[in-house]
Visitor: 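Can you keep this structure in mind? I'll have questions shortly.
No hydrogens, no waters, no symmetry mates; every other heavy atom, side chains included, goes into these values. Just so it is clear: chains get the letters A, B, ... in the order the sequence lines come, proteins before strands, and each one is counted from 1.
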Amino acid sequence: MRKFDFMGIEKKIAAAVASIIENESGQVIPADRIVLQKTRKDFEGDLTLVVFPFVKMLRRSPEHCADMIGKALAEKIEEVAAHNVVKGFLNLSLEKYVWLDFLWKNANNERFGLQNPAADDDLKPVVVEFSSPNTNKPLHLGHIRNNLLGFSVARILEAAGNKVVSVNLVNDRGIHICKSMLAWMKFGQGETPQSAGKKGDKLVGDYYVKFESALRKQVASIMEEKGVSEDEARKSAPLMMEAQNLLRRWEERDPEVVKVWETMNAWVYEGFDQTYERMGISFDKIYYESDTYLLGRDIVLDGLKKEKLLKKEDGSVWADLAEHKLDEKLLLRADGTSVYMTQDIGTARLRYEDFCPERMIYVVGNEQNYHFDVLKKVLIKLEEPYADAIHHLSYGMVELPDGRMKSREGTVVDADDLMSDMFETARKTTEELGKTADFNESEKKDLYHKIAMGALKYFMLKVDPKKNMLFNPDESIDFNGNTGPFIQYTYARIASILRKAGEDRLKLSELKLDASRMNAKEIALLKNLSGFGAVVAEAAAACSPAQIANYVYELCKEFNQFYHEYSVLNEPDRAVSDYRLQLAKLTSTTIKNSMALLGIDVPEKM
RNA sequence: GGCUCCGUAGCUUAAUUGAAUAGAGCAUCUGACUACGGAUCAGAAGGUUCCAGGUUUGAGUCCUGGCGGAGUCACCA
């Protein structure tokens with residue numbers, strides 16, 4: 001069903017169809033009404049033309065139209081070998097040599113399906129922001145989805161010919177950061193990651209939890225003593241006042257506070273770095289909110305001066321978005337301080353000045369849909385030149401079987417723990433299968449890591465980003481069926497064949513094969529391979545790694561069927577054997593390249 | 001309550017701007033190892049695509065109205 005464009009044949013046929021219909025009916029049809037798709041498996045053919053859109057102008061039955069167009073195409077285009085008609089569908093079979101040519105032209109291209117990085121210095125980049133963690137808590141399952149998505153989308157956009165800059169905007173300041181600082185200052189007794197034997201982000205997270213539980217106790221007793229609501233009790237609780245005081249002191253650059261802040265954040269970064277490295281994630285640039293939180297104020301004040309915004313009696317500044325059917329949105333408080341939106345206005349401008357991007361993609365959960373809607377509209381209102389470049393890549397929540405992760409209920413799935421669990425499962429499964437008898441310790445570790453991350457990444461990326469997804473921690477992620485390890489296994493099996501064949505045989509200078517000897521399975525596989533470039537383009541347009549994942553899964557299934565039915569190296573006819581070897585090679589390249597777009601490594605043996 | 005998104009086999013999911021008999025995996029059952037690697041392959045069973053209307057030659061997809069779920073509607077970030 002997927003569209004595929006193979007050496008321009010699709011275009012050639014579409015153009016021919018247009019001229020045939022014009023000749024017959026005298027009417028010109030728009031190109032987008034010519035629907036060519038991959039022929040479904042249960043029908044004979046390679047490409048299918050849907051003729052329903054033309055039956056009215058041709059004034060004949062769908063079958064007649066299809067037959068007429070089919071005959072004309074067979075005459076006009078030499079690559080069209082045969083055609084058949086089912087209802088209103090015209091199935092075209094291409095000459096087999098078309099597929100052989102395709103294989104021969106691409107077999108040695110290691111970057112098959114990937115566009116080369118644009119050398120053009122004037123090309124405007126796409127900025128992809130993702131991850132954007134808070135420095136008061138360790139990373140969890142939700143962050144994993146965000147990181148994997150962002151990293152993969154960046155790779156896919158590159159493969160589609162874009163220049164890409166990956167950025168991370170770290171939320172390293174604010175009241176929530178002060179909470180963990182305060183708890184550490186009060187209860188920590190100088191504890192450090194070293195003394196506690198913990199990763200820094202975990203230690204800081206523990207103090208955040210300590211703050212919350214101490215606060216809850218205070219709130220409970222205040223509510224009992226004064227009979228006030230929980231909200232009110234929270235606001236008046238001494239710990240809350242202290243935290244706010246700490247934030248004030250931080251903003252005033254109180255040296256003592258800044259020192260604690262720097263120390264604790266450094267611990268967190270050390271922890272994050274380990275987690276990122278394990279995940280295989282990196283960035284071109286890291287922004288810190290402590291540097292950017294004051295940005296945006298000037299833009300807002302300027303907008304006020306130009307009367308694009310309005311000031312209320314108390315001095316607060318608002319954007320009226322009634323023209324976009326949205327409410328008024330606060331941009332500056334009465335005391336002149338900023339809100340989150342103000343800061344995002346500032347960082348958008350900063351990013352624009354830093355990179356002059358063609359597009360700015362924000363990988364952020366769908367809980368912030370409204371926020372980004374408003375951000376874009378405020379920027380339009382302010383007539384910022386980059387307003388239209390803003391693109392929110394909104395993804396669904398990761399849910400547990402009993403609903404959302406809740407830190408209060410201790411149901412948060414920690415990123416490090418999850419990766420360790422996956423590693424353990426990979427180790428156990430692999431050892432049970434007895435696959436690593438001849439591996440040394442570091443090779444084993446490397447392999448288990450690849451499999452573990454392959455399973456986890458594929459699991460999370462194969463689902464359409466915009467959909468919520470379910471993660472059941474009790475059922476560990478599968479290694480069979482539609483999974484990362486299945487694809488890795490397919491790759492490893494081909495790698496084994498290629499090793500056995502040897503480099504000399506792989507470097508073939510000539511392919512001597514009569515195309516008539518190609519079988520249906522091989523052609524199905526070649527057809528699949530030929531669609532890779534188009535899939536990359538579609539995945540880039542949709543910012544959807546899931547499309548790559550689904551593609552490479554299909555490809556592996558196709559190859560495994562071929563592999564089961566036919567032999568590559570044991571095939572007695574050398575010409576056929578050589579040809580199948582090239583087919584296997586191009587398949588392995590395509591698997592490797594696809595998986596790289598998902599941020600997944602493939603092992604040569606497993 | 002307003003707005004936004006989602007609802008497909010028991011479970012997890014696929015289906016380019018509308019297109020043929022809704023496609024997979026897991027789980028269940030049955031087969032295939034004297035092997036280019038069985039983490040594989042073949043087969044069986046499993047569906048009123050939440051419901052009701054509508055548009056269309058054609059609807060899982062578009063429109064309207066319900067039902068169910070999630071998110072959001074902060075001088076939080």
Visitor: What's the closest nucleotide to the Q37(A) side chain, out of C41(B), A39(B), A20(B)?
Guide: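 Closest nucleotide among those given: A20(B).
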
Visitor: Find the partner of G60(B): check Watson-Crick (N1-N3 plus N6-O4 or O6-N4) and G-U wobble (N1-O2, O6-N3) distances, both under 3.5 Å, and reply none if neither fits.
Guide: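 Matched G60(B) with nothing under the 3.5 Å cut-off.
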
Visitor: State whether the distance check finds a donor on one side and an acceptor on the other, under 3.5 Å, for side chain T490(A) versus base A39(B).
Guide: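 Such a pair does not exist between side chain and base.
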
Visitor: Can you see if the side chain of K41(A) gets near the phosphate of U21(B) - specifically, an N or O under 4.0 Å from OP1 or OP2?
Guide: no

Visitor: Roughly how many Å apart are C63(B) and U56(B), using the C1' atom of each and rounding to a whole number?
Guide: 12 Å

Visitor: On a whole-Å scale, what distance lies between the P atoms belonging to U48(B) and U8(B)?
Guide: 12 Å

Visitor: Considering only atom P, compute the distance from C50(B) to G60(B) and round it to an integer number of Å.
Guide: 10 Å

Visitor: For the backbone of C556(A) and the side chain of N560(A), can you confirm whether one donor and one acceptor N or O come within less than 3.5 Å of each other?
Guide: yes

Visitor: In whole Å, what is the span from the NZ atom of K137(A) to the C1' atom of A77(B)?
Guide: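 My rounded result for the distance is 11 Å.
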
Visitor: Looking for any heavy atom pair under 4.0 Å, which part of the strands does S394(A) touch: base, sugar-phosphate only, or nothing?
Guide: nothing

Visitor: Using side-chain heavy atoms (C-beta onward) and a distance below 4.5 Å, is Q343(A) in contact with R297(A)?
Guide: no

Visitor: So if I apply the ring pair (Phe, Tyr, Trp, His ring centres under 6.0 Å) rule between F486(A) and each of F459(A), Y491(A), Y553(A), which one comes out positive?
Guide: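 By the ring pair (Phe, Tyr, Trp, His ring centres under 6.0 Å) criterion, F486(A) pairs with just one of F459(A), Y491(A), Y553(A): Y553(A).
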
Visitor: Tell me which nucleotide, if any, is Watson-Crick or G-U wobble paired with A24(B) when both distances must be under 3.5 Å.
Guide: U12(B)

Visitor: L470(A) has an atom CG; how far is it from atom C1' of C26(B), in whole Å?
Guide: 13 Å

Visitor: Are S496(A) and C36(B) close enough that a side-chain N or O sits under 4.0 Å from OP1 or OP2?
Guide: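 Answer no for this pair, as no side-chain N or O of S496(A) is under 4.0 Å from OP1 or OP2.
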
Visitor: What residue among V170(A), L169(A), L295(A), T347(A) forms side chain to side chain contact (heavy atoms under 4.5 Å, CB included) with E289(A)?
Guide: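 Testing E289(A) for a side chain to side chain contact (heavy atoms under 4.5 Å, CB included) against V170(A), L169(A), L295(A), T347(A) leaves exactly one candidate, L169(A).
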
Visitor: F43(A) on top of A20(B)'s base, within under 5.5 Å and under 30°?
Guide: yes

Visitor: Between Y395(A) and R145(A), is there a cation-pi geometry (under 6.0 Å to ring centre, at most 45° from the normal)?
Guide: no

Visitor: Quote, to the nearest angstrom, the P distance that separates G10(B) from U49(B).
Guide: 12 Å

Visitor: Any strand counts, and the cut-off is 3.5 Å on both contacts for Watson-Crick or G-U wobble. Which nucleotide pairs with C41(B)?
Guide: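 Result: G31(B).
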
Visitor: Expressed as a whole number of angstroms, how long is the span from Y553(A):OH to G23(B):C1'?
Guide: 10 Å

Visitor: Pick the nucleotide of RNA chain B nearest each of M469(A) and N91(A); which residue has the one closer to the 5' end?
Guide: M469(A)

Visitor: Tell me what P603(A) touches on the nucleic acid: a base, only sugar-phosphate, or nothing, going by heavy atoms under 4.0 Å.
Guide: nothing

Visitor: Whom does G68(B) pair with, Watson-Crick or G-U wobble, provided both distances fall under 3.5 Å?
Guide: C6(B)

Visitor: Please determine whether a side-chain nitrogen or oxygen atom of R333(A) lies at a distance below 4.0 Å from atom OP1 or OP2 of A74(B).
Guide: no

Visitor: Heavy atoms under 4.0 Å, any strand shown: does A492(A) hit a base, just sugar-phosphate, or nothing?
Guide: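 Here A492(A) touches the bases of the nucleic acid.
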
Visitor: For U40(B), does OP1 or OP2 lie under 4.0 Å from any side-chain N or O of N480(A)?
Guide: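 The answer is yes; a side-chain N or O of N480(A) sits under 4.0 Å from OP1 or OP2.
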
Visitor: Compare side-chain N and O positions of R404(A) against OP1 and OP2 of G71(B) and report whether any pair is under 4.0 Å apart.
Guide: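 Yes, such a contact exists.
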
Visitor: Under 3.5 Å for both donor-acceptor distances, Watson-Crick or wobble: does C73(B) have a partner, and if so which one?
Guide: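 When the pairing criteria are applied, G1(B) turns out to be the nucleotide that pairs with C73(B).
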
Visitor: Can you tell me whether the side chain of D327(A) and the base of C73(B) have a donor-acceptor pair closer than 3.5 Å?
Guide: no

Visitor: Roughly, in whole Å, what's the span from CZ in F54(A) to C1' in A19(B)?
Guide: 12 Å

Visitor: Tell me whether F89(A) and A19(B) count as stacked here, given that the ring centres must be under 5.5 Å apart and the planes must differ by less than 30 degrees.
Guide: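 No; by the centre-distance and plane-angle rule, F89(A) does not count as stacking on A19(B).
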
Visitor: Report yes or no: is the ring centroid of F486(A) under 5.5 Å from the six-membered base ring centroid of A39(B), with the two planes under 30 degrees?
Guide: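 Stacking is absent between A39(B) and F486(A), given that the ring centres and planes do not meet under 5.5 Å and under 30°.
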
Visitor: Rounded to whole Å, how long is the line connecting atom CG of N369(A) with atom P of C6(B)?
Guide: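 Value for this atom pair: 11 Å.
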
Visitor: Can you identify which nucleotide, out of G38(B), C75(B), A20(B), has its nearest atom closest to the Y563(A) side chain?
Guide: G38(B)

Visitor: Cation-pi between K329(A) and W318(A): NZ/CZ under 6.0 Å from ring centre and within 45° of the ring axis?
Guide: no

Visitor: Any side-chain N or O of Q368(A) below 4.0 angstrom from OP1/OP2 of A77(B)?
Guide: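 It does not, given that no N or O in the side chain of Q368(A) lies less than 4.0 Å from OP1 or OP2 of A77(B).
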
Visitor: So, Y489(A) and U40(B): ring centres less than 5.5 Å apart, planes less than 30° off, yes or no?
Guide: no

Visitor: So which nucleotide from G37(B), A77(B), A39(B) ends up closest to the side chain of K500(A)?
Guide: G37(B)

Visitor: Would you mind pulling out the nucleotide paired to G46(B), Watson-Crick or G-U wobble, both distances under 3.5 Å?
Guide: none

Visitor: With no hydrogens and no angle check, do the side chains of T135(A) and R173(A) hold a donor and an acceptor under 3.5 Å apart?
Guide: no

Visitor: State whether the side chain of W261(A) and the backbone N or O of D172(A) hold a donor-acceptor pair below 3.5 Å, judged by distance alone.
Guide: yes

Visitor: Who does U55(B) pair with, Watson-Crick or G-U, both distances under 3.5 Å?
Guide: none

Visitor: Quantified in whole Å, what is the C1' atom distance between nucleotide A45(B) and nucleotide A27(B)?
Guide: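 Pairwise C1' distance, A45(B) against A27(B), rounds to 12 Å.
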
Visitor: Using whole Å, report how far CE of M460(A) lies from P of U12(B).
Guide: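 In whole Å, U12(B) P and M460(A) CE are 15 Å from each other.
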
Visitor: Has N570(A) got a side-chain N or O lying under 4.0 Å from the OP1 or OP2 atom of C36(B)?
Guide: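 True: N570(A) side-chain N/O within range (under 4.0 Å) of C36(B) OP1/OP2.
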
Visitor: Could you please spell out the steps behind the salt bridge (charged side-chain N to carboxylate O under 4.0 Å, His left out) verdict for E212(A) and K179(A)?
Guide: CA-CA 8 Å; E212(A) 285 296 335; K179(A) 288 177 183 174; 3.5 Å; yes

Visitor: Nearest to the M397(A) side chain among G71(B), A14(B), C36(B), which nucleotide is it?
Guide: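 The listed nucleotide nearest to M397(A)'s side chain is G71(B).
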
Visitor: State whether K467(A) places a side-chain N or O below 4.0 Å from either non-bridging phosphate oxygen (OP1 or OP2) of A14(B).
Guide: yes

Visitor: Toward the 5' end of RNA chain B, which comes first, I175(A) or V35(A), by nearest nucleotide?
Guide: V35(A)

Visitor: Take the protein atom NE2 of H564(A) and the nucleotide atom P of A35(B), then report the distance between them rounded to whole Å.
Guide: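 Taking NE2 of H564(A) and P of A35(B), I get 13 Å after rounding.
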
Visitor: Just to be sure I understand the rule, does D314(A) reach a base, reach only the sugar-phosphate, or reach nothing, if contact means heavy atoms closer than 4.0 Å?
Guide: base

Visitor: Check every strand shown and say whether I451(A) touches a base, only sugar-phosphate, or nothing at a heavy-atom separation below 4.0 Å.
Guide: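 Base: the residue I451(A), judged by heavy atoms under 4.0 Å, touches a nucleobase.
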
Visitor: Expressed as a whole number of angstroms, how long is the span from Y458(A):OH to G25(B):P?
Guide: 12 Å

Visitor: Is any side-chain heavy atom of L215(A) less than 4.5 Å from a side-chain heavy atom of M240(A)?
Guide: yes

Visitor: Among A14(B), G37(B), A77(B), find the nucleotide with the atom closest to the side chain of R493(A).
Guide: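 Of all the options, the side chain of R493(A) is nearest to G37(B).
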
Visitor: Below the 4.0 Å mark, does A19(B) have OP1 or OP2 next to a side-chain nitrogen or oxygen of K87(A)?
Guide: no

Visitor: Reckon Y566(A) touches a base, only the sugar-phosphate, or nothing at all at heavy-atom distances under 4.0 Å?
Guide: base

Visitor: Take atom C1' in C26(B) and the same atom in C73(B), then report the distance between them in whole Å.
Guide: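 Per the computed distance, 39 Å lies between those C1' atoms.
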
Visitor: Mind checking Y370(A) for me? I need base, sugar-phosphate or nothing, with any heavy atom below 4.0 Å counting as a touch.
Guide: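 Sugar-phosphate contact only - Y370(A) comes under 4.0 Å of backbone atoms but never of a base.
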
Visitor: Is the base of A39(B) touched by the side chain of T483(A) through a donor-acceptor pair closer than 3.5 angstrom?
Guide: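 Side chain to base: no pair below 3.5 Å.
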
